Amino acid sequence: MQAQRQDPAVESTGNAVIKPQSALREKCLRPGDADEAAEQAIANAEQALQQLSVNFDEWMANESAQLGEARDTAKAAAFSEAALTGLFQAAHNLKGQATTLGYPFADEICASLCRLIDKLPEKATLPLILVDQHVDAVRALVREGAKGNDNPKASVLAKRLRDVTNDFLQQVAA
Amino acid sequence: MAKIAFDELRFVVADDNAHMRRIVRTLLRAFGCREIYEAEDGASGLEAVEAYSPDILISDITMPIFDGIELTRMIRNPEGCRHPFLPIIILSAYSEKKHVIAARDAGATEFLCKPVSATALYRRIQNVIANPRDFIRTKTYFGPDRRRYVNPNYSGVERRTGDGSENVIDPNQVHIEA
């Protein structure tokens, strides 16, 4: 389907400022107390998310299993570019949703793994043991049901992995 | 500010992760939205935009076929997409500045970092509806004005005013033909 804009003034002189369309405002803004409506809508959404959370442990188990599979694939492929991309994406996926699913420390560990993969200039030097430690830590947290922000063991584990990763990346950069 | 009638709004949610799509859909439904279409990659996201003419697109960055940045660029191409003014909220686990800038320069309207919360998503939607920004068209960019703030101390060349290079256009006079 071909779209065509008829704005000859712009075509002739280049830059243009186009005033915002009001159609969306007119379509969905209604008289009423915006703050009260927002408060109610957000409360409804948080309640809906709470109801959905009965699925979260199963989802986390699936996602962490996929992370483990991506790690195994990457190892078998000697950390080829394609396999590393798969591992990065699996970790990145978990980073994006682990906190919502109730596992904020898994989020932190995946963020550390993503940084390790992303920041290392020479991927062949990726330390296998450190990759394993990240992936196994995430799987352990899920297996043990280490949820929330106040799990001391999960906190120490996430911090230690982050520190080791940072130290390693600094050594490589030096 | 008025309240939002979510039941009047149509969304497309593009994310390769089914769990994340389910979470976003759950939040939108709880806000009151009834029409939500899902896409699991950039190509089907573009198809959904063309097919359903949504009011707002919520898109991840990392997706197969083409990513959310490329999807945004394609939508912001008035010659190739029928909905170049579509509000686009990028929802991504990438929080680094380079990704935020890439999304902005592709023409994204808002950027929201995962993990997603009901409050943050609501506020982004509220903002794109209640505070739509001017669109800018240059030789290299088409999309919402990337200048969020006016710097009163700016003393450089003003490229958009005063030298005849600027045209302020009423969007009602911009016709897009299928």
Side-chain angles (χ1 to χ4, degrees), chain A residues 1-7 9-10 12-25 27-38 41-49 51-52 55-56 59-60 62-63 88-89 92-101 104 107 110-111 114 118, chain B residues 1-6 8-9 17 19-20 22-23 26-27 29-32 50 55 62 78-82 84-85 87 92-94 114-116 118-119 121-122 126 128-130 132-139 145 159-160 164-178:
Chain A
M1 215 175 297
Q2 188 70 26
Q4 192 176 16
R5 297 177 75 250
Q6 298 174 344
D7 47 354
V10 181
S12 64
T13 57
N15 298 354
V17 178
I18 303 171
K19 302 310 286 180
Q21 293 180 305
S22 59
L24 191 54
R25 292 171 60 104
K27 180 177 180 181
C28 71
L29 286 187
R30 300 282 180 273
D33 187 326
D35 291 339
E36 190 182 320
I42 290 166
N44 289 346
E46 285 171 348
Q47 188 181 4
L49 211 52
Q51 288 168 356
L52 189 66
N55 301 295
F56 287 177
W59 293 3
M60 261 318 269
N62 291 342
E63 294 286 346
F88 178 88
Q89 286 178 348
H92 194 260
N93 260 338
L94 254 173
K95 174 176 176 272
Q97 58 185 315
T99 295
T100 305
L101 301 183
D107 182 328
C110 286
C114 286
D118 187 43
Chain B
M1 194 193 301
K3 64 181 183 181
I4 302 168
F6 274 89
E8 298 284 349
L9 290 175
N17 188 283
H19 299 151
M20 189 50 65
R22 177 94 181 267
I23 287 167
T26 298
L27 294 174
R29 281 202 178 281
F31 291 159
E50 293 288 5
D55 298 300
T62 306
E79 314 303 325
C81 180
R82 291 190 301 131
F85 298 101
S92 173
Y94 285 116
K114 293 175 183 172
V116 63
T119 302
L121 182 61
Y122 188 95
Q126 187 178 43
V128 301
I129 294 168
R133 280 178 283 152
D134 289 353
F135 263 62
I136 303 298
R137 187 182 197 186
T138 71
K139 287 178 183 171
D145 192 345
R159 289 170 295 179
R160 293 183 191 162
S165 65
E166 178 199 50
N167 293 279
V168 178
I169 295 173
D170 180 347
N172 295 321
Q173 295 176 346
V174 177
H175 303 291
I176 298 171
E177 296 174 348

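As a basis for the values below, the full set of heavy atoms in this structure was taken, side chains included, without hydrogen atoms, waters or symmetry mates. Protein chains get the first letters and strands the later ones, always in sequence-line order, with residue 1 at the start of each. Treat the numbers as computed from the prediction; the structure is a model and nothing was measured.
- In this structure, B:Pro132 and A:Leu24 have side chains that are not in contact, with every pair of non-hydrogen atoms separated by 4.5 Å or more.
- Atom-to-atom distance recorded for A:Ile42:CD1 and B:Gln126:CD is 8.0 Å, nearest 0.5 angstrom.
- Both the backbone and the side chain of A:Gln97 come within less than 4.5 Å of a heavy atom in chain B.
- When all heavy atoms are compared, the tightest approach of B:Ala118 to A:Ala45 is CB-CB, 3.6 Å.
- The minimum heavy-atom distance linking A:Asn55 with B:Arg22 is given by the pair ND2-NH2, 4.1 Å.
- Contact count against chain B (heavy-atom pairs under 4.5 Å) is highest for A:Ala38 among A:Ala48, A:Ala38, A:Cys110.
- For the residue pair A:Ile18 and B:Phe85, the shortest heavy atom distance occurs at CG2-CE2, 3.9 Å.
- A pairwise comparison of heavy atoms in B:Glu8 and A:Lys27 identifies O-CE, 2.8 Å as the closest pair.
- Residue A:Arg25 holds its CZ atom at 10.0 Å from CD1 of B:Ile129, rounded to the nearest 0.5 Å.
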Practice prompt. Evaluate the criterion side chain to side chain contact (heavy atoms under 4.5 Å, CB included) for residue pair B:Arg137 and A:Asn15; output intermediate values, then yes/no.
Written response: CA-CA 5 Å; B:Arg137 187 182 197 186; A:Asn15 298 354; over 6 Å; no
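- Between B:Phe31 and A:Ala41, the shortest heavy-atom contact is CD2-O, 3.6 Å.
- With sequence neighbours excluded, the residues that form a side-chain contact (heavy atoms from CB on, under 4.5 Å) with A:Gln47 are A:Gln51.
- Atom-to-atom distance recorded for B:Tyr94:OH and A:Asp118:CG is 7.0 Å, nearest 0.5 angstrom.
- Not counting sequence neighbours, the partners of A:Phe56 by the ring-ring contact (aromatic ring centres under 6.0 Å, His included) test are A:Trp59.
- Taking the side chain as every heavy atom from C-beta outward, A:Asn93 and B:Thr62 never approach each other to under 4.5 Å.
- Side-chain contact check for A:Cys28 versus B:Asp55: every heavy-atom pair is 4.5 Å or farther apart.
- Most heavy-atom pairs under 4.5 Å with chain B: of the set A:Pro31, A:Cys114, A:Pro104, this distinction falls to A:Pro31.
- A heavy-atom distance below 4.5 Å is found between the side chains of A:Leu49 and B:Leu27.
- Closest approach of B:Lys3 and A:Asp33 over heavy atoms only: CB-O, 4.3 Å.
- You'll find the side chain of A:Glu46 reaches within 4.5 Å of the side chain of B:Thr119, heavy atoms only.
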